[in-house]
Structures are given as C-alpha cells and as structure tokens.
K.L.:
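Can you read through this structure? Questions will come right after.
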Amino acid sequence: MTSTAAVPPPRATYRRLSVEERRAQLLLAALGLFAHRAPDEVSLDDVAVAAGVSRPLVYRYFPGGRQQLYEAALGSAADELKLCFTEPPEGPPTERVARVLDRYLRFVDEHDTGFSALLRGGGVVETSRTTTIVDGVRRAAADEILRHLGRIGGDAGEGQQPPGPRLRMMVRSWIAAVEAASLIWLDDGKRPAAAELRGWLVDHLVALLAATAATDPETASVVSDLLALETSEGPAGRLAGRVIPVVAEAAHLLPAPPASD
C-alpha cells in the first residue's frame, strides 16, 4: 500500500492594502469604537488594536492624531446619516417620512454612545469643524423633508419653489425636536419601542404643519397638497381619526355664528 504524504494547507496570501483601503479600514475601526464610547475615551492605541495594526501606522494615515481621526470618522458617519433621509418621492409623504425615521432611529440605536456624545458636544474633540459637520447633517435632513413636502430645501432651480421662512423654520424646529427625542430615548433605555417613537415623531410633524398652516398661507397650501396624497390607513389618516374627536371637545371655544335677521 502506497502512503501519500500529507499536503500542507495553502498559506493565506497576504495582500497589501492600497492607501484608500487602509484608510477605510482605520475609519471603520474608529467608527466601531466611537459608536459605543465617548470620543475622548478612545485612544489611537484602541483604534490600532481594533484594526489589527500598529500605532505608528495609524499615525501615518492620521498625523493629526485622535482629533484628525475623529473628524474623519465623524465625516464618514455624517455621510451615512444623510443617506438615512434620502427617500424616493413615491407614495404618501407621511409614509416616506416614517421610512426615513426608521433608518434614522436604527442609526441612533447602533451608534448610541457616540451619537449622544456627538449631539451633546462639550467633549475635548469638539471644534468648529466638527460643529460644521453636524450642522451640515441637520441642514441636509431639513432639505430632504422639505422635498417630501413639495419644496426645494437648498437653492431652487428654474421652475422649483423654495420654502418660505415660516415653513423652513418649522421643519428645522422639527429636526431639532427629533434630535432631542432621540437623546431622551437613549437616556431612557431606548423606551418606548423605536416603532412607537417613530409614529409619534411623524404625528408631531403633521401637528406642526397643521398649526403653522393656520397662520401661514404657504404652509396651508403644502398641507392641502400633502393631504390629497394621504390615505385613511396611513399615518395622517390614523392621526386624523384620533385627533378629530379631541378637537370636537373644543367646539365651545369657536365664536358664535352671527345672528340671522
């Protein structure tokens, strides 16, 4: 019987990463750490260990140290967060906003500590550059919501209608409320459930639109166009079914009709 020598397994081939690939690897490792630890608690040694590389290699790509690495990671996270607000203009507007919020809250859930530290600020890594990055996300989010309301958030092109000051202020205020609610949600142990929070935030947007429409003709036109696209089974329809009985209790606050001759 002929014996056959055991063939050793093939060695794993080593592939040198390109500059772009190595930088992306380091940013991914940093984002994983910043997601669940405050930025000023993450060292370059931590990033090196997470990426499986040496500390000098991290410095080679980010000679500015932790600050430069954090700003780069923050910019990458900001790009991801902006994508959460991108939704095709199909279907009822409130259902589009609900899908946007589902993605946003999923991001908040996956980046809990880092998200909280980012929005609260005050850390040693906060600079005018990081503030600009965060504000850019807020503006991009507001622009996307305005597009779902039939307005162009940024510079309007030919045939496109930009929002007026009242409508823009209302949407920016709602974005601020979404941020605040997200932070409270994290503080409260992610209660209520994300789906319940999302539903409440959509209701909040509709309520703000209705209140603003009462005194702003442009918002009134936006609300009229929005309601024409909604369904009784959607968020706006369900909210109307809950609110109308409550509003009926305020009938006595309406002015009395003029007496007939």
Side-chain angles (χ1 to χ4, degrees), residues 81-108 135-182 184-185 192-251 253-254:
L81 192 51
K82 288 176 185 176
L83 289 176
C84 292
F85 287 88
T86 303
E87 178 71 21
E90 302 169 358
T94 57
E95 294 183 15
R96 297 179 220 158
V97 173
R99 290 192 289 271
V100 162
L101 287 172
D102 279 338
R103 288 193 294 271
Y104 174 83
L105 291 174
R106 192 176 306 118
F107 181 94
V108 173
D135 192 56
V137 174
R138 292 169 178 148
R139 292 182 180 277
D143 287 349
E144 288 299 322
I145 296 301
L146 285 165
R147 286 187 176 90
H148 292 304
L149 297 177
R151 293 294 185 270
I152 302 302
D155 296 332
E158 185 178 353
Q160 298 175 327
Q161 187 173 357
R166 289 284 301 281
L167 180 60
R168 175 177 285 279
M169 181 182 294
M170 189 228 79
V171 171
R172 290 292 301 272
S173 298
W174 180 75
I175 294 295
V178 170
E179 283 187 10
S182 300
I184 295 169
W185 185 62
E196 184 178 344
L197 175 59
R198 176 254 294 151
W200 180 77
L201 290 172
V202 174
D203 289 349
H204 189 187
L205 176 61
V206 175
L208 281 174
L209 281 166
T212 307
T215 55
D216 180 51
E218 181 200 11
T219 307
S221 175
V222 166
V223 169
S224 177
D225 293 342
L226 179 148
L227 292 177
L229 299 172
E230 296 293 323
T231 66
S232 59
E233 297 82 15
R238 292 194 296 269
L239 179 62
R242 295 193 300 269
V243 168
I244 289 175
V246 176
V247 174
E249 296 293 327
L253 299 177
L254 300 175

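Because only heavy atoms are used, hydrogens play no part in the values below, and waters and symmetry mates are left out as well, while side chains stay in. As the structure is a computational prediction, the values presented were derived from the model and not from experiment.
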K.L.:
Taking the side chain as every heavy atom from C-beta outward, state whether Glu144 and Lys82 have any atom pair closer than 4.5 Å.
P.N.:
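Not in contact.
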
K.L.:
Is there a side-chain contact between Arg168 and Arg151 in this structure, where contact means two heavy atoms from C-beta onward sitting under 4.5 Å apart?
P.N.:
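They are not in side-chain contact.
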
K.L.:
How many angstroms lie between OG1 in Thr212 and CE in Met170, if you round to the nearest 0.5 Å?
P.N.:
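Going from OG1 on Thr212 over to CE on Met170, the span is 5.5 Å.
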
K.L.:
Looking at every non-hydrogen atom in both residues, tell me the closest pair between Ala177 and His204 and how far apart they are.
P.N.:
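Between these two residues, the closest heavy atoms are CB-CE1, 3.5 Å.
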
K.L.:
Working to the nearest 0.5 angstrom, can you tell me the gap between Leu83 CG and Phe107 CZ?
P.N.:
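One gets 10.0 Å once the value is rounded to the nearest 0.5 Å.
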
K.L.:
Could you tell me whether the side chains of Arg103 and Thr86 share a donor-acceptor contact shorter than 3.5 Å?
P.N.:
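There is no such pair (donor and acceptor under 3.5 Å, judged by atom type) between the side chains of Arg103 and Thr86.
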
K.L.:
How long is the gap from CG on Leu209 to CG on Asp216, to the nearest 0.5 Å?
P.N.:
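Between atom CG of Leu209 and atom CG of Asp216 there are 10.5 Å.
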
K.L.:
Looking at side-chain heavy atoms only, is the closest gap between Leu146 and Ile152 below 4.5 Å?
P.N.:
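Leu146 does not reach Ile152 side chain to side chain.
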
K.L.:
Could you check whether any side-chain N or O of Glu87 sits under 3.5 Å from a backbone N or O of Val100, counting only pairs where one atom can act as donor and the other as acceptor?
P.N.:
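It does not hold such a pair.
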
K.L.:
Please report the shortest heavy-atom distance between Trp185 and Pro192, naming the atom on each side.
P.N.:
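Between these two residues, the closest heavy atoms are NE1-O, 2.6 Å.
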
K.L.:
Within a strict 4.5 Å, meaning less than it, do heavy atoms of the Leu105 and Ser182 side chains meet?
P.N.:
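Touching, per the 4.5 Å side-chain cut-off.
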
K.L.:
Using a 6.0 Å cut-off, check whether atom CZ of Arg166 has over 12 heavy atoms from anything other than its own residue.
P.N.:
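Check passes, neighbour count above 12.
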
K.L.:
Any heavy-atom pair between the side chains of Val246 and Glu249 that's under 4.5 Å?
P.N.:
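Result no, sub-4.5 Å side-chain heavy-atom pair not found.
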
K.L.:
Can you confirm whether Pro92 sits close enough to Glu95 that some side-chain heavy atom of one is under 4.5 Å from a side-chain heavy atom of the other?
P.N.:
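In short, these two side chains touch, coming nearer than 4.5 Å.
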
K.L.:
Identify all side-chain donor-acceptor contacts of residues 222-243 below 3.5 Å with residues at least two apart in sequence or on another chain.
P.N.:
from   : atom 1 : to     : atom 2 : distance (Å)
Glu230 : OE1    : Thr94  : OG1    : 2.5
Glu230 : OE2    : Thr94  : N      : 3.0
Glu230 : OE2    : Thr94  : OG1    : 3.2
Thr231 : OG1    : Gly234 : N      : 3.2
Arg238 : NH1    : Glu233 : O      : 2.4
Arg242 : NH2    : Asp203 : OD2    : 2.7

K.L.:
Under 3.5 Å, sequence neighbours excluded: what are the donor-acceptor pairs made by side chains of residues 194-201?
P.N.:
from   : atom 1 : to     : atom 2 : distance (Å)
Arg198 : NE     : Asp102 : OD1    : 2.9

K.L.:
Can you tell if the side chain of Arg147 reaches within under 4.5 Å of the side chain of Phe85, non-hydrogen atoms only?
P.N.:
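Side-chain contact under 4.5 Å: no.
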
K.L.:
Could I get the full list of side-chain hydrogen bond (donor to acceptor under 3.5 Å, both in side chains) partners for Arg106, not counting sequence neighbours?
P.N.:
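With neighbours one apart ignored, the set is empty.
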
